A.B. asks: 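One structure, pasted below without further comment.
Labels below follow one simple rule: chain letters A, B, ... track the order of the sequence lines, proteins then strands, and each chain is numbered from 1. All values reported here derive from a predicted model rather than from experimental measurement.
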There are 2 protein chains.
Amino acid sequence: MDEPLPVRCQDCLVRDTALCASLCDAELVALSRIGRRKTIPAGGVVTWAGDDNALCANIVTGALKVQAATAEGREQTVGLLFAGDFVGNPFTETSALTTEALTETDLCIFSRVAFERVLDKRPRLERALLERTMRSLEEARQRQLTLGRKSAKGKIAGFLLDIAEAQGGSEIELPIARGEMADYLGLTIETVSRQMTEMREEGLIDAPRGSRRVTLLDRETLRALDE
Amino acid sequence: MDEPLPVRCQDCLVRDTALCASLCDAELVALSRIGRRKTIPAGGVVTWAGDDNALCANIVTGALKVQAATAEGREQTVGLLFAGDFVGNPFTETSALTTEALTETDLCIFSRVAFERVLDKRPRLERALLERTMRSLEEARQRQLTLGRKSAKGKIAGFLLDIAEAQGGSEIELPIARGEMADYLGLTIETVSRQMTEMREEGLIDAPRGSRRVTLLDRETLRALDE
DNA sequence: CGGACGCTTGAGATCCCTCAAATGTCGTGG
DNA sequence: CCACGACATTTGAGGGATCTCAAGCGTCCG
């Protein structure tokens, strides 16, 4: 019964950053048995709001957005997920949120119920998921502050600083387009664009018109704008 | 070693709705050993943003708000908690959020580290906490939609409908004052007040000027306003 | 009676949205 | 290599929703 660790796990880019990092090799064998790889094209939907919540996954490469929408179709991005992040809601029958790929994304997918059975048997996995979920909750609450109380410029400054922190440097590559930034920050695309040109004119950032490459020139002032 | 269940647990008003409901009597004895009752006056602070995160608690009676603030002091309420709800962030050293009593509130308090030790030993408790945390996360994300994309009137209509659902009826008693509604909905107190008088003039609600008693007269239209 | 507090109302300013058009970029096909 | 269309972004003009500042009410309590 010495099942070997599958190659896709041995070579996995997120073996040590995803939820799986909480498992030893023997445990990982058990989890790997119910998992399979799947590639989602950019713009592809992973889970639909309202559908029954059939799957969980780890992101191996790429990025997803978690999307909410009003009845009239106004959209709000309520979370961004990157390599190593966990996707899905174990123990929940349905969700009002849609999960969509921002870029081509490789997932390691599990059926929700099978994943729940593994959670039953692997306390370390459940603990790691609990800790992640609590971090996500704190994040979602901080974002309520941004959405409810910050100015357009403050929202954008905070977003740029967050990305810089995640990427570790002042020259950043935005993971999302202007329109997606607008959905994420509760603004319109025009407001995002105008604020970014203003920031360029004020010498706070350098960013070729329309480009996703941005250099933060004055983090001090950006931090002050972030209120 | 047949330690009896303490009276405060036998008589507990939230024995069957709080996290404790996941425990059998024997397990509850273990948890009760590290808990104690504490009454917080209205306006009292349970945990301060930035302090080290020393405690967890169940709400026995009363209500709390979870509060975030910008550097300049603009405040945003990022969650409301009522009897039976769990307070605190196990496995986290510190939080940027402040928890404050809206009314006089009775808590059943645990030291965070002691509570974590109980979680280690009681998988059902941990499972119940995970499920609650995931529900809170979904809630916090839905609130991002409200804060980012809804109009003032939509925010208030949605809030009134939520309260009506929680209280089960069309005659509701608002759990919070106008200013607290403003903090919760990302508005100013003046906007809340003006929108509510408009809704009264439009026949959507009945509410004596300045009162917390509100009757929903036209839920259909309110739901439509909620976008 | 007077003051504190919470709520309402008013006037004006501001920020952001809406609608519209121009500009730029990129990939495809001629 | 250039022309073209699709698409994302920028820019402009104007309007509207919400905020700010200020004053007026009503109630409760000392």
A.B. asks: With 3.5 Å as the limit, what N/O pairs link the protein to nucleotides 14-18 of chain C?
C.D. replies:
{"unit_1": "C:dC16", "atom_1": "OP1", "unit_2": "A:A152", "atom_2": "N", "d": "2.7"}
{"unit_1": "C:dC17", "atom_1": "OP2", "unit_2": "A:T188", "atom_2": "N", "d": "3.4"}
{"unit_1": "C:dC17", "atom_1": "OP2", "unit_2": "A:T188", "atom_2": "OG1", "d": "3.2"}
{"unit_1": "C:dC17", "atom_1": "OP2", "unit_2": "A:T191", "atom_2": "OG1", "d": "2.4"}
{"unit_1": "C:dT18", "atom_1": "OP1", "unit_2": "A:R74", "atom_2": "NH1", "d": "3.4"}
{"unit_1": "C:dT18", "atom_1": "O4", "unit_2": "A:R194", "atom_2": "NH2", "d": "2.9"}

A.B. asks: Provide, to the nearest angstrom, the distance between the CD atom belonging to B:E75 and the P atom belonging to D:dC19.
C.D. replies: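 To the nearest whole Å, that distance equals 16 Å.
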A.B. asks: Expressed as a whole number of angstroms, how long is the span from B:E72:CD to D:dT20:P?
C.D. replies: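 Interatomic distance, CD of B:E72 to P of D:dT20: 12 Å.
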A.B. asks: Let me test you: for the helix from C:dC1-D:dG30 to C:dG30-D:dC1, what is the angle between the axes at its two ends (five pairs each), rounded to 10 degrees?
C.D. replies: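 About 30° separates the two local helix axes.
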A.B. asks: Does C:dT9 have OP1 or OP2 sitting under 4.0 Å from an N or O in the side chain of B:S193?
C.D. replies: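 So the side-chain polar atoms of B:S193 never come under 4.0 Å of the phosphate oxygens OP1 or OP2 of C:dT9.
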A.B. asks: Donor-acceptor pairs under 3.5 Å, side chain of residues 36-46 of chain B to any protein atom, not counting sequence neighbours: which ones?
C.D. replies:
{"unit_1": "B:R37", "atom_1": "NH2", "unit_2": "B:R8", "atom_2": "O", "d": "3.2"}
{"unit_1": "B:T39", "atom_1": "OG1", "unit_2": "B:D106", "atom_2": "OD1", "d": "2.6"}

A.B. asks: Just by distance, no angles: are the side chains of A:Q144 and B:Q76 close enough, under 3.5 Å, to form a donor-acceptor pair?
C.D. replies: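 Result is no, nothing qualifies.
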A.B. asks: Which residues satisfy the salt bridge (Lys or Arg N to Asp or Glu O under 4.0 Å) test with A:K150, sequence neighbours excluded?
C.D. replies: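 Listed in chain order: A:D226.
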A.B. asks: For B:R194, check salt bridge (Lys or Arg N to Asp or Glu O under 4.0 Å) against everything at least two apart and list the hits.
C.D. replies: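 B:R194 satisfies salt bridge (Lys or Arg N to Asp or Glu O under 4.0 Å) with no other residue.
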A.B. asks: Show the atom names and distances, to 0.1 Å, of all donor-acceptor pairs under 3.5 Å that link a side chain in residues 203-216 of chain B to residues at least two apart or in another chain.
C.D. replies:
{"unit_1": "B:S211", "atom_1": "OG", "unit_2": "B:R213", "atom_2": "N", "d": "2.8"}
{"unit_1": "B:R213", "atom_1": "NH1", "unit_2": "B:E173", "atom_2": "OE1", "d": "3.4"}
{"unit_1": "B:R213", "atom_1": "NH2", "unit_2": "B:E173", "atom_2": "OE1", "d": "3.3"}

A.B. asks: What residues, two or more places apart in sequence or in another chain, satisfy salt bridge (Lys or Arg N to Asp or Glu O under 4.0 Å) together with A:E190?
C.D. replies: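 For A:E190, no residue satisfies salt bridge (Lys or Arg N to Asp or Glu O under 4.0 Å) once neighbours in sequence are set aside.
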A.B. asks: Any idea which heavy atoms bring A:G50 and A:T94 closest together, and the distance?
C.D. replies: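 Looks like O-OG1, 3.4 Å.
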A.B. asks: Can you run down the ring pair (Phe, Tyr, Trp, His ring centres under 6.0 Å) pairs that involve residues 88-107 of chain A, sequence neighbours left out, and say none if there aren't any?
C.D. replies: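 Checked against ring pair (Phe, Tyr, Trp, His ring centres under 6.0 Å) - neighbours excluded - no pair reaches residues 88-107 of chain A.
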A.B. asks: How long is the line joining CE of B:M196 and C1' of C:dT9, in whole Å?
C.D. replies: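 After rounding, the gap between these two atoms is 15 Å.
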A.B. asks: Without placing hydrogens or testing angles, list every side-chain donor-acceptor pair under 3.5 Å for residues 152-164 of chain A, not counting sequence neighbours.
C.D. replies:
{"unit_1": "A:K153", "atom_1": "NZ", "unit_2": "A:E198", "atom_2": "OE1", "d": "2.6"}
{"unit_1": "A:K153", "atom_1": "NZ", "unit_2": "A:E202", "atom_2": "OE1", "d": "3.4"}
{"unit_1": "A:K153", "atom_1": "NZ", "unit_2": "A:E202", "atom_2": "OE2", "d": "3.1"}
{"unit_1": "A:K155", "atom_1": "NZ", "unit_2": "A:L185", "atom_2": "O", "d": "3.0"}

A.B. asks: In residues 204-215 of chain B, which ones come under 4.0 Å of DNA chain C, going by heavy atoms?
C.D. replies: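 Output list: B:R209, B:G210.
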A.B. asks: Would you mind listing every ring pair (Phe, Tyr, Trp, His ring centres under 6.0 Å) that reaches into residues 71-90 of chain B, with sequence neighbours excluded?
C.D. replies: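 The answer is B:F86-B:F115.
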A.B. asks: Please state how far atom CZ in B:R178 lies from atom P in D:dG26, giving the value in whole angstrom units.
C.D. replies: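 Atom-to-atom, B:R178 to D:dG26, this comes out as 16 Å.
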A.B. asks: Can you list everything that forms a salt bridge (Lys or Arg N to Asp or Glu O under 4.0 Å) with B:R15? Sequence neighbours excluded, please.
C.D. replies: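 With sequence neighbours excluded, B:R15 shows a salt bridge (Lys or Arg N to Asp or Glu O under 4.0 Å) to B:D25, given in chain and number order.
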A.B. asks: Rounding to a whole Å, what distance do you find between B:R200:CZ and C:dT9:P?
C.D. replies: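 The answer, rounded to whole Å, is 6 Å.
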A.B. asks: Between atom CD1 in B:I189 and atom C1' in D:dC25, what is the gap in whole Å?
C.D. replies: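 B:I189 atom CD1 is separated from D:dC25 atom C1' by 14 Å.
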